[in-house]
Amino acid sequence: MPVFSQDHLLGIKHISRDDIELIFKTADSFKEVLQRPIKRTPSLTGITIANLFFENSTRTRISFELAEKRLSADTVNFSAASSSVKKGETLLDTVNNILAMKVDMVVMRHPAPGAHTFLAQHIDASIINAGDGTHEHPTQALLDAYSIREQLGENLEGKRIAIAGDIMHSRVALSNFFCLKKLGCEVMAVGPPTLLPKYLTKLGVQVEHDIQKALQWCDVMNVLRIQLERQDTKFIPSLREYSKYYGISKAMLDQLDKEIVLMHPGPINRGVELMSDAVDSHHSIILDQVQNGVATRMAVLYLLAERRKSRVGTA
Amino acid sequence: MSAILLKNVRIYRQGLASISRRKKTDVFIKNGILESTSFQGSAPRGCTIIDCEGAVLLPGFVDIGTLIGEPGFEHRETIESASRAAAAGGYVAIAPFPNSNPIIQYAADVRSLARDCERVTGILPIAAASADLKGKDLSDMHELADVGAFAFSDGIKPITDAGFLMRALQYAQTTNRLVIQSVTAQNLIHDGQMHEGLQSTMLGLRGMPSIAESMNIKQALDVLRYAGGRLHLCDISTSDGVDLIRQAKKDGLDITASCQAINLAFTDESLATFDSNYKVNPPLRSETDRLALAAALEDGTLDSLMSGHRPLHLDEKRVEFPYADFGALGLQTAISTALTFGQLSLDALVRSCSTAPREMLDLPSIKFKEGEAASYTLIDLDASTTLTKENNQSISTNSPFFGVEMIGTVKAVINGSRFEIF
């Protein structure tokens, strides 16, 4: 059986296409488990996982926690709001204190790009990146690609995927670019120039500022949230103007002479980047994404735990 | 009496194609004065004899813009440790920036700093250009120059207000001292973490665009054209920046400029693993930029090379990348970096590390003439050197050069009657 090539999941940049395919294959079997009356396997029995969230999160945290519980792992949760981080403790001290309680794996969300890479250089546990600032959010990209695969078939070679919105402040976008490019897709970034990093095209990503043109071009439109909380400078004049020129409605999707898949990593700003009728339309697979999130994260946890077993010799 | 006899040494002479063809000789230095460059006979009693086989005697190196920690940041570096590192790096003198706590901005600060060093490497204080380094009100430049400030600068906190830069350049003319301005002020995009490019995009880190530097240089050059005075622009890191300096010199503008040694060695690719030891300011840029800096040092567009010594405590570096402070050690590695990565010729090395900084600070030039005050660096240009935890003289360890084998080994520094042999 093929094995995962990395000790951690720090980002999609670090994993191979084979790794991605392996995650998908593993997720297929876990998805099947999730359809059973008792949605649980003993795969991670005896493994302790710490969920460290230094930034707010609802769906990612719940998704990971469910994935861990479905795999029978022991979990412990930590959030920055109620921690000694507020008292000035360093990340290394915080994590080492938790690891001293014999934790095997760490799922972490952190506002600083590279926080996971930094941690991986200093601690022994397997680390899963649940979002590091404006860098990567690998499990989101994996569940996105997995969901696209369900719609368009296993081979995504040549499929056209557009990602619209605040690419500049998005970790989801960067992980998606890496993931989709590795799977052979054509990728486009859509948004006003102020929200697109200048060197995007060097990643092999097309750039478009017209949402209509992008919709005509793509097979899948993945819409990102406008992240006002990560903008210390105003990059767009107003949500109203953004909504007028970049917001997607059901009518816009219906008038295309083709099928189109609509995605969003959540949480949605209804009436800003997506109109309610589009969210609730048959084009949307937004809730499938959420469901696939659990299966994909189970796959990542399982594969890293297997890898860890072979590395440290024990569970 | 202090006396040194340098046996079998080659003395540097500008324009010599190959130093190895230079005849070996014995040099005698007594009480800090060069007595003879062709010493015959046996060494006087009590004289220190240095066997210089393979080494070349160069005009003593001077570093401008060093950060030495003390006062205020002794957990990073002290005058004592900075002097040790400077000597080990081949420097006979360092001119530290005033960014300490308290800031070097009153006569008493300058006097105290100039007096504090007992070691071979001399300290040449640079005083603040603006009160409290706020870039608003002039420091007492006249008095500061009188008590021994060698130049004025706000150091690593560059002046951003063009009006203030103009007044500083104008007022400093009464002292004939140099105003040193870093071109690293962040504009366009704030809170940048690294060079803006493909790497920063892939790392999700906010970039520092090259154009920000160009804008700072253009503004400073315009102000200099208007105000006159003596301006040195430091921390040039881009090929565009080099072009601007080259053109300004061609236009006849009296300007000097420099870059930091680390920018000759690495590019933004080095940040791929978020190693904060590569987080420096100016940031490590592209390969094109790196090569342009080396070429500009070679052809004299960039007059001098700064060690860019920025000691930081482990706690200030061993954190998440965006939270780490900017800076790396430089004193002990700058010269070998210039030789190894910058591939500087000996002439360019001597000009950029000795002749030019001496001119900028109005120090006497070194001609190896009998009767001159000794200020020499003895180097084996071919011997390899590696910074290790053991030979690191700094209190801090924030350097990406640990374990990197380079060429150019400092054998001794001689500063008047003080000397240190390695």
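Each chain gets a letter, A, B and so on, in the order the sequences are listed, and its residues count up from 1. The analysis underlying the following values was restricted to heavy atoms, covering all of them including side chains, and did not include hydrogens, waters or symmetry mates. What you see is a predicted model; the values in this text were computed from it and never measured.
- Contact annotation for A:Tyr199: both backbone and side-chain heavy atoms come within less than 4.5 Å of a heavy atom of chain B.
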query: Run the side chain to side chain donor-acceptor pair (under 3.5 Å) check on A:His264 and A:Glu273 step by step: do they pass?
result: CA-CA 10 Å; A:His264 194 299; A:Glu273 65 268 5; 2.8 Å; yes
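- Between A:His135 and B:Phe274, the two ring planes are perpendicular [angle over 60°; tilted spans 30° to 60°].
- Your options are A:Ala120, A:Pro111, A:Ala112, A:Pro113, and the one with the most heavy-atom pairs under 4.5 Å with chain B is A:Pro113.
- Of the atoms belonging to B:Gln193, not a single heavy atom falls under 4.5 Å from chain A.
- Note: A:His110 leads A:His116, A:His110, A:Glu136 in heavy-atom pairs under 4.5 Å with chain B.
- Of the two parts of A:Leu203, the backbone and the side chain both hold a non-hydrogen atom closer than 4.5 Å to a non-hydrogen atom of chain B.
- Both the backbone and the side chain of A:Lys202 come within contact range of chain B, with heavy atoms under 4.5 Å apart.
- Using a 4.5 Å cut-off between heavy atoms, A:Phe178 touches chain B through its side chain atoms alone.
- When all heavy atoms are compared, the tightest approach of B:Tyr278 to B:Leu284 is O-CD1, 3.6 Å.
- With a threshold of 4.5 angstrom between heavy atoms, A:His14 does not approach chain B through any atom at all.
- Here the shortest heavy-atom pairing between A:Ile211 and A:Met221 reads CD1-CE, 4.1 Å.
- Between B:Phe266 and B:Phe341, the angle of the ring planes lies from 30° to 60°, which puts this pair in the tilted group.
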- request: Given side chain to side chain donor-acceptor pair (under 3.5 Å), test B:Gln260 with B:Asp235 step by step and report yes or no.
  value: CA-CA 6 Å; B:Gln260 290 188 15; B:Asp235 298 341; 3.0 Å; yes
